[in-house]
Amino acid sequence: MPHGEAEHTSPPPAVGSSAPTAADRLDGDPVALARHCLEEMKAEETVEIDLAGKTSIADTMIITSGRSHRHVGAIADRLQQVLKAAGIGPLRVEGVPACDWVLIDAGDLIVHVFRPEVRGFYNLEKMWGADRPHERIAG
């Protein structure tokens, strides 16, 4: 740096402070948190279905896919971490050992994470009246 020029740096973070988390930025909204997490985890063909007034089981259902057993498991694990960190719960989770289809029930939000072949077989979008995944992508 030439003599006389000040170096432009950011001040160090305050002791005990941390960067805002997704939960902070999204005001703890479970659907927004889930959507953000699924995007970060590279989930594919994410569809969001509004269930309000259709059933009492939840207000929103999200259906998404992972590319493999390992990807489905990683998406489900991360989503659980994000929702728990935001104080959303208790969470009920099914399907983790096989990771063909993992269901995460967070009360007013239900998330299904499928491998593509299993998703095609069960076709929940059709059952709940949503458009096909390639026609209606959330986010």
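Bear in mind that the values here come from a model prediction, so they are computed numbers and not experimental data. Below, each value reflects all heavy atoms present in this structure, side chains not excepted, and no hydrogens, waters or symmetry copies.
- Side-chain contact between I75 and V113: present, with at least one pair of heavy atoms (C-beta onward) separated by less than 4.5 Å.
- Side-chain contact between L103 and V111 is absent, with no heavy-atom pair separated by less than 4.5 Å.
- Note that CD of E125 is 8.0 Å distant from CD of E45, once rounded to the nearest 0.5 Å.
- Contact of the D108 side chain with the T60 side chain is not registered, since no non-hydrogen atoms from C-beta on lie closer than 4.5 Å.
- In this structure, the separation between CG on L124 and CD1 on I49 is 7.5 Å, given to the nearest 0.5 Å.
- Looking only at distances, no side-chain donor or acceptor of T64 sits under 3.5 Å from a matching main-chain atom of A43.
- Contact annotation: the side chain of F114 approaches that of I63 to within less than 4.5 Å [non-hydrogen atoms, C-beta and beyond].
- Looking at heavy atoms from C-beta onward, R35 lies out of side-chain contact with T46 at the 4.5 angstrom threshold.
- I62 has its side chain out of reach of I110: every pair of non-hydrogen atoms, C-beta onward, lies at least 4.5 Å apart.
- In this structure, the ring pair (Phe, Tyr, Trp, His ring centres under 6.0 Å) partners of Y122, at least two apart in sequence or on a different chain, are W101.
- Here NE2 of H112 is found 11.5 Å from CD of E94. Values are rounded to the nearest 0.5 Å.
- Smallest separation of non-hydrogen atoms from P116 and G66: CD-O, 3.1 Å.
- Residues N123 and K126 are in side-chain contact: their nearest non-hydrogen atoms beyond the backbone lie under 4.5 Å apart.
- At least one donor-acceptor pair under 3.5 Å links the side chain of H71 to the backbone N or O of M41.
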Please list every donor-acceptor pair under 3.5 Å in which a side-chain atom of residues 76-86 meets a protein atom from a residue at least two apart or in another chain.
from : atom 1 : to  : atom 2 : distance (Å)
R78  : NH1    : Q81 : OE1    : 3.2
Q80  : NE2    : A76 : O      : 3.3

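- Residues V47 and R119 have side chains in contact (heavy-atom distance under 4.5 Å, counting atoms from C-beta outward).
- Annotation for A58 and G107: closest pair CB-O, 3.7 Å, computed over non-hydrogen atoms.
- Interatomic distance, CG of D105 versus CD1 of I57, reported as 8.0 Å (0.5 Å rounding).
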